[in-house]
Engineer: 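Before I ask anything, here is the structure I am working with.
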Amino acid sequence: MKIATWNVNSVTARLPVVSKWLEAERPDVLCMQETKCIDDKFPREAFLELGYSSETFGQPTYNGVAIVSLAECSEVLRGFPEDEPEAQARMLAAKIEGVRIINVYIPNGGEVGIDKYYFKLDWMKRLRSFLDSYAGADEMVLLCGDFNVAPEDRDVHDPALWEGHVHVSEPERAALEEIKAWGLVDAFRLHIEEDKHYSWWDYRAGAFRRNAGLRIDHIWVSKALAVRCRAAWIDKEPRRWERPSDHTPVVAEFD
DNA sequence: ATGGTTGTAAAACAA
């Protein structure tokens, strides 16, 4: 079973690139973030032609998450149980082939100290609470998405430049550790220890060309899945294609 | 520190 996560930065703008990648890589599941697309406008027919059915949780203009998969989804959950109807669309969970998949778009945070930053920290706290109620640590659970946090300095191209900034600040990393402490491990770090592997590069200032990126997109798995994790990697290739997302897919394979 | 780019949607705003 091959599972991928990708912040596509608009599923409609990115449809050519996402379709090309799905045809080439054929993951069983692709979790997308920042679809920026209401459910009625989601290009589900285009995905069906590639063999994928879609579960969507979108809103106009901002945010939005979706899961496309070859196998059937069950127990689909859109947003946290306590969310108000107008809450930002950032979490979509589903059970696929016995695995509980939780697809999240953790808030960006803007910059340290502003309202959006505290909203991010609070959202992360609520994600941990959600995990507590959603599943037992002995189950097969996969949490993936754009976490908008680089867990360690080896996930940052220039730690001195980024020190104290949003995506790497201590409170964000602590909130991330709280989520991890539920019982998850980073699938990528099960297989690759070295630095300079990133999943996002700013569109500006030739960041991708200079590999000036951050590893902020992640696939985290419970112990029951970790023992089945055969490989994990970041696929930089689609970031080189025409009209790319600023993020690139993270992939994990399971026996 | 600033400015650099992209998407949505039609001027800012978010990232």
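Letters go in sequence order (proteins before strands), and every chain restarts at 1.
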Engineer: Measuring from the side chain of A:Tyr62 (C-beta onward, heavy atoms only), which nucleotide among B:dA9, B:dA14, B:dT5 has the closest atom?
Structural biologist: B:dA14
Engineer: C1' atom, B:dA11 versus B:dA1: distance in rounded Å?
Structural biologist: 26 Å
Engineer: Provide, to the nearest angstrom, the distance between the OH atom belonging to A:Tyr117 and the P atom belonging to B:dA14.
Structural biologist: 18 Å
Engineer: Rounding to the closest angstrom, what is the interatomic distance between B:dG3 and B:dG7 at atom P?
Structural biologist: 22 Å
Engineer: A:Thr12 near the nucleic acid: base, sugar-phosphate alone, or nothing, with a heavy-atom cut-off under 4.0 Å?
Structural biologist: sugar-phosphate
Engineer: Mapping A:Asn63 and A:Ser10 onto DNA chain B by nearest heavy atom, which one lands closer to the 5' end?
Structural biologist: A:Ser10
Engineer: Would you check if the distance from the ring center of A:His197 to the ring center of A:Phe188 is below 6.0 Å?
Structural biologist: yes
Engineer: What about the rings of A:Phe47 and A:Phe42, do their centers lie closer together than 6.0 Å?
Structural biologist: yes
Engineer: Tell me: CD of A:Gln88 to C1' of B:dA14, nearest whole Å?
Structural biologist: 11 Å
Engineer: Measuring only the C1' atom in each nucleotide, how far is B:dA9 from B:dA14? A whole number of Å is fine.
Structural biologist: 13 Å
Engineer: With sugar-phosphate meaning primed atoms plus P, OP1 and OP2, does A:Tyr105 contact a base, only sugar-phosphate, or nothing at under 4.0 Å between heavy atoms?
Structural biologist: sugar-phosphate
Engineer: Once you round it to whole Å, what is the distance between P of B:dA14 and CG of A:Asp202?
Structural biologist: 17 Å
Engineer: Could you tell me how far B:dT6 sits from B:dT2 if I compare only their P atoms? Round to whole Å.
Structural biologist: 23 Å
Engineer: Between B:dG7, B:dA15, B:dT8, which one does the side chain of A:Asn9 approach most closely?
Structural biologist: B:dG7
Engineer: Using a strict cut-off of less than 4.0 Å between a Lys/Arg side-chain nitrogen and an Asp/Glu carboxylate oxygen, indicate whether A:Asp255 and A:Arg230 qualify as a salt bridge.
Structural biologist: yes
Engineer: Given that A:Ala13 and A:Glu34 both sit by DNA chain B, which one's nearest nucleotide is further toward the 5' end?
Structural biologist: A:Ala13
Engineer: Is it true that the side chains of A:Asp217 and A:Thr5 contain a donor and an acceptor less than 3.5 Å apart?
Structural biologist: no
Engineer: What integer distance in Å separates A:Lys41:NZ from B:dT8:P?
Structural biologist: 11 Å
Engineer: Would you please indicate if the ring centroids of A:Trp241 and A:Trp21 are separated by under 6.0 Å?
Structural biologist: no
Engineer: Could you state the CD-C1' distance from A:Glu242 to B:dT5, rounded to the nearest angstrom?
Structural biologist: 16 Å
